[in-house]
Number of protein chains: 2
Amino acid sequence: MSISEENLRVKTKDMLIGALLRAPAEAIHRRIIRELNAAGFEGLSQPHMAVFRYPSPDGVRPGVLAERAGMSKQAMNRLLGSLEDLGYLARTDAPDEGRARIVRFTQRGHLAYAKAIEVLREIEREWSGELGPKDFARLKLLLGRVWESPLVR
Amino acid sequence: MSISEENLRVKTKDMLIGALLRAPAEAIHRRIIRELNAAGFEGLSQPHMAVFRYPSPDGVRPGVLAERAGMSKQAMNRLLGSLEDLGYLARTDAPDEGRARIVRFTQRGHLAYAKAIEVLREIEREWSGELGPKDFARLKLLLGRVWESPLVR
DNA sequence: AAAGAAGGTAAACATAGTTTACCAACAATG
DNA sequence: CATTGTTGGTAAACTATGTTTACCTTCTTT
């Protein structure tokens, strides 16, 4: 190993939970966008992922999506307009609920969302191969416990 | 539990690794910015975190930081200019290395970075309390193995 | 010496978000 | 039952943050 490589190599032992979560989360994020585009779902970019993510936006009101994504209703509404133009979803009137609207996937939207899930499952297979199925299951279980706790709120 | 609450509640079992990593990573990210600002390190915002994160930018060239952050050298250079104006760092000439420059924390920069680490350690204590020390250690160990693997590249 | 590569910087531009402002539908209240 | 307030949504102006394009300086190569 060269001196520069040794200097660049990072010490996992010193790493705190922030970086340990951030790095793989970002890598996954980028990969999903890349593979969606490659699979013919063009036009989808980073910001759109605030909509195309768990839990599914299908059947949900715009304001709720804005809150989930931690952004203003106006910003979310623009994203929705953009995704509508790209043919992934439609905003329909909610019957009997005042001015409320409801976001619905189009056929194309359903396909794109399914593709994203497919990519994620492939990533899970890779991780499972690297860590071993038992340890990967453990990892998911632990992260699930974090999610269910008040820590993430 | 009301009907609407039940509908909103999310099923951890169904969650894929993307959401399981993303949600806590984002929560931690926001909290660090909030607590840094509250501790008197004002002006620091989301984009600055591309610099203020592991591994430390201290002693590193701007181009390397750009690559680490996955952004253009120009965008990084602006961030660095902003952080320089805020008094957190300085770009100094690198001796005997052509046009190269080196990023150095100021006193204030060192203090802010130390504060961020302190917040992270507090978060780790909280997680450790929630999961139990053993399971939290396991979680970090597993994430460390992911980091060391080619999965994150 | 000339050409090219590496590192950095600057300005124009595009994108994506917030702020401000407004409209429509329903609920509550006198 | 008219007025007021609340909720949900939308539009436009503004702000920030990033990329693209272009250029400068220093060092290396030929």
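Note that these values count all heavy atoms, side chains included, but never hydrogens, waters or copies made by symmetry.
- Rounding to whole angstrom units, CD of residue B:Glu67 and P of C:dG8 are separated by 12 Å.
- Rounded to whole Å, atom P of D:dT17 lies 8 Å from atom CG of B:Leu79.
- Atom pair B:Arg99:CZ and C:dG7:P shows a separation of 13 Å (rounding to whole Å applied).
- Put simply, CG on B:Asn77 is 18 Å from P on D:dC23, counting in whole angstrom units.
- Rounding to whole angstrom units, CZ of residue A:Arg78 and P of C:dA14 are separated by 15 Å.
- In terms of phosphate contacts, B:Ser45 brings a side-chain nitrogen or oxygen within less than 4.0 Å of OP1 or OP2 of D:dT17.
- Between the P atom of D:dT21 and the NZ atom of B:Lys73 lies a distance of 15 Å, rounded to the nearest Å.
- Between B:Arg99 and B:Asp93, none of the side-chain N atoms (NZ, or NE/NH1/NH2) sits under 4.0 Å from a carboxylate O, so this pair counts as no salt bridge.
- For the pairing with B:Ser82, the side chain to side chain contact (heavy atoms under 4.5 Å, CB included) check across B:Asp85, B:Leu80, B:Leu86 returns one residue only, B:Leu86.
- The separation between A:Met76 atom CE and D:dA11 atom P is 16 Å, rounded to whole Å.
- Among the atoms of the strands shown, only primed sugar atoms or phosphate atoms (P, OP1, OP2) are found under 4.0 Å from some heavy atom of B:Ala100.
- When each of C:dG17, D:dG9, C:dG8 is scored by its nearest atom to the side-chain atoms of A:Met71, the top-ranked nucleotide is C:dG17.
- In terms of phosphate contacts, A:Arg91 brings a side-chain nitrogen or oxygen within less than 4.0 Å of OP1 or OP2 of D:dT10.
- Under a hydrophobic clustering in which Ile, Leu, Val, Met, Phe, Trp and Tyr are joined whenever their side-chain heavy atoms come within less than 4.5 Å, directly or via other members, A:Ile123 and A:Leu141 fall into different clusters.
- The base of D:dT19 has none of its N or O atoms less than 3.5 Å from a complementary donor or acceptor on the side chain of B:Gln74.
- Contact annotation: A:Ser72 side-chain N/O to C:dG17 OP1/OP2 distance is not under 4.0 Å.
- For B:Phe105 and B:Tyr113, the ring centers are positioned less than 6.0 Å apart.
- The nearest whole Å value for the distance from the CG atom in A:Asp93 to the C1' atom in C:dC26 is 15 Å.
- No donor-acceptor contact under 3.5 angstrom links the side chains of B:Ser149 and A:Glu130, judged on distance only.
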